[in-house]
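Working notes, structure below.
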Amino acid sequence: MRIVLDIPSKALDLDHTMSCGQVFRWTKSGDWWLGTLGKALVRMRQKELCLEIQSSTPISRSMVESYLRLDDDLSQILRELLKDRTFRRVTESVQGIRVLRQDPWECLVSYIISRNCNIPMIRRVLNNLCQRFGEEIVWSNHVGYSFPTPESICEAELLDLTKCRFRYGKRQALELKEMAKLVCEGVIDFDMLKMMPYVEAKATLMSLDHGVGNKVADCVLLFSLEKLEAFPVDVWIARAVVQLYRSHIRPDLVRRVNTKSPLTPQDYRGLSHFGRLHFGRYAGYAQEYLYHWKRIQENRCASEFA
DNA sequence: ATCCAGGATATCT
DNA sequence: AGATATCATGGA
């Protein structure tokens, strides 16, 4: 399959999009990115304005276009964000990032696991999880694993889950099992969450009380539940915002970020609220550009994807 | 050795 | 409401 990206609204930089820390399971070998979409093992590569896609089993063009959010008019989104002159500095070095439309269950699990971890570790743990509880997919010389279904996690033994070596072992194994159960029972209904307004959907996710706080909720909302106004805040975003928008941020918060003291819940609300207010309905897009820009600046993206 | 990474939560005051 | 302790991996 080929997708031609010959108009600005369809602009894309596959490398930046795959490596900017929103997804964790894609790997790059040569110029091909290899990953899974549903139960298909997929590889894609970009040459200038042409995207080439191959898969182990047939997948539809609309499935790929949806995943890459090619339905978003990127030139229009950036036109809105670039009304802020400061943001231009960011897009001088980072271009073509798209927020991906992830599967909500995979996204939820990924960000529950992500707590207090760096990206290589998140990748390792997720791979452990998929190898143990997903389905093996063999495709010529490639081997991959589909993401475990909620049912498979629901039925998993706690001891087997902990073998995935989560950051917070047994505690997170329990959280995943509880979440899987709620999804299986229909208590968590991702289609409902997609239809709710941002604030309501976020409150619903956080009220479940199984490892979803402010940050995880915002990531899941942005990356899988159509809330492009969500503005997740981690240490990198805090540093980027303090560096670029210092005058908008309370001095004591600036000092705490600069001294690398832990972010309090109020700090989170302050920074996330600033993001949504300042960048508007596409704050989540701005967030991804800021995040990747700051990590490149601090030299933290050195090839973690082999 | 110490510090740090896409934090959340229970338990204090 | 706000501060604090706890959870407990693995790389630099």
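No hydrogens, no waters, no symmetry mates; every other heavy atom, side chains included, goes into these values. In what follows, every chain begins at residue 1, and chains take the letters A, B, ... in the order their sequences are listed.
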- Task: Using a 4.5 Å cut-off on heavy atoms from C-beta on, say whether the side chain of A/I296 contacts that of A/V94.
- Result: yes
- So, with a heavy-atom separation below 4.0 Å from DNA chain B, the residues of residues 283-290 of chain A are A/Q287, A/E288
- Task: Check the distance between B/dA5's P and A/K260's NZ and give it to me in whole angstrom.
- Result: 6 Å
- Message: Roughly how many Å apart are C/dA8 and B/dC3, using the C1' atom of each and rounding to a whole number?
- Response: 15 Å
- Cut-off 3.5 Å, side chains only: do A/R79 and A/Q76 have a donor facing an acceptor? yes
- Item | Residue pair A/Y111, A/F24: steps toward the ring pair (Phe, Tyr, Trp, His ring centres under 6.0 Å) verdict | CA-CA 10 Å; A/Y111 282 92; A/F24 305 103; 5.3 Å; yes
- Note on the structure: A/D267 atom CG is separated from B/dG7 atom P, nearest whole Å, by 14 Å
- With A/R239, which residues qualify under side chain to side chain donor-acceptor pair (under 3.5 Å), at least two apart? none
- Query: Quick one: A/L271 CG to B/dG6 P, roughly how many Å, whole number?
  - Reply: 16 Å
- Query: With a 4.0 Å cut-off, would you call A/E226 and A/R101 a salt bridge?
  - Reply: yes
- Distance-only donor-acceptor check, side chains A/D218 and A/Y198, under 3.5 Å: yes
- Message: Using side chain to side chain contact (heavy atoms under 4.5 Å, CB included), reason through A/V42 and A/T36 one step at a time and then give a plain yes or no.
- Response: CA-CA 5 Å; A/V42 177; A/T36 59; over 6 Å; no
- Message: How many whole angstroms separate atom CD of A/E298 from atom P of B/dA5?
- Response: 10 Å
- Message: One pair to check against side chain to side chain contact (heavy atoms under 4.5 Å, CB included): A/I97 and A/Y291. What are the steps and the verdict?
- Response: CA-CA 11 Å; A/I97 292 181; A/Y291 180 81; over 6 Å; no
- Have a look at A/D267 and tell me which of A/I249, A/L253, A/V233, A/D252 forms a side chain to side chain contact (heavy atoms under 4.5 Å, CB included) with it. A/L253
- Using a 4.0 Å heavy-atom cut-off, write out nucleotides 8-13 of chain B from 5' to 3' as B (base contacted by protein), S (sugar-phosphate only) or - (no contact). BS----
- Could you list the residues that satisfy ring-ring contact (aromatic ring centres under 6.0 Å, His included) with A/W139, not counting sequence neighbours? A/H142
- Message: Side chains of A/Y285 and A/D72: any donor to acceptor distance under 3.5 Å?
- Response: yes
- State whether A/E135 and A/K39 are salt-bridged, where the test is any N-O pair (Lys NZ or Arg NE/NH1/NH2 against Asp/Glu carboxylate O) under 4.0 Å. yes
- Task: Just call it for A/R269: base, sugar-phosphate, or nothing, with non-hydrogen atoms closer than 4.0 Å on any strand.
- Result: nothing
- Message: Can you list everything that forms a side chain to side chain donor-acceptor pair (under 3.5 Å) with A/Q54? Sequence neighbours excluded, please.
- Response: A/R43
- Integer-rounded Å distance: B/dA5 P and A/W236 CH2: 6 Å
Please tabulate the protein-to-nucleotide N/O contacts below 3.5 Å involving nucleotides 3-5 of chain C, giving atom names and distances.
{"residue": "C/dA3", "atom": "OP2", "partner": "A/Q266", "partner atom": "NE2", "Å": "3.3"}

- Starting from Watson-Crick (N1-N3 plus N6-O4 or O6-N4) and G-U wobble pairs under 3.5 Å, report the runs of at least three that DNA chain B belongs to. B:2-5 with C:9-12, B:7-13 with C:1-7
- Query: Is A/R246 atom CZ crowded by more than 12 heavy atoms from other residues, nucleotides or ligands, each under 6.0 Å away?
  - Reply: no
- Query: Taking the same atom, P, in C/dT6 and in B/dG6, what whole-Å distance lies between them?
  - Reply: 25 Å
- Query: Whole-Å distance between C/dA8 C1' and A/Q172 CD?
  - Reply: 10 Å
- Note on the structure: Within residues 99-114 of chain A, the residues having a heavy atom closer than 4.0 Å to DNA chain B are A/Y111, A/S114
Would you list the atom pairs, donor with acceptor, under 3.5 Å between side chains in residues 184-192 of chain A and any protein atom, with sequence neighbours excluded?
{"residue": "A/D189", "atom": "OD1", "partner": "A/D191", "partner atom": "N", "Å": "3.0"}
{"residue": "A/D189", "atom": "OD1", "partner": "A/M192", "partner atom": "N", "Å": "3.2"}

- Message: Quick test of your reading of the model: are A/E229 and A/R276 salt-bridged, counting only N-O distances below 4.0 Å?
- Response: no
Shorter than 3.5 Å, N or O on both sides, protein versus nucleotides 9-12 of chain C: list them out with atom names.
{"residue": "C/dT9", "atom": "N3", "partner": "A/R167", "partner atom": "NE", "Å": "3.3"}
{"residue": "C/dT9", "atom": "O4", "partner": "A/R167", "partner atom": "NH2", "Å": "2.7"}
{"residue": "C/dG10", "atom": "OP1", "partner": "A/R165", "partner atom": "NE", "Å": "3.0"}
{"residue": "C/dG10", "atom": "OP2", "partner": "A/R165", "partner atom": "NE", "Å": "3.3"}
{"residue": "C/dG10", "atom": "OP2", "partner": "A/R165", "partner atom": "NH2", "Å": "3.0"}

- Contact class for A/L263 vs. all strands (heavy atom < 4.0 Å): base, sugar-phosphate, or nothing? nothing
- Message: Test of understanding: with ring-ring contact (aromatic ring centres under 6.0 Å, His included), list the residues that count as partners of A/H210, not counting sequence neighbours.
- Response: none
- Message: Whole angstroms only, please: what is the CZ-C1' distance between A/R300 and B/dC4?
- Response: 8 Å
- Partner set under side chain to side chain donor-acceptor pair (under 3.5 Å) for A/S207, not counting sequence neighbours: none
- A/N127 side chain reached by A/Y145 side chain, heavy atoms, under 4.5 Å: no
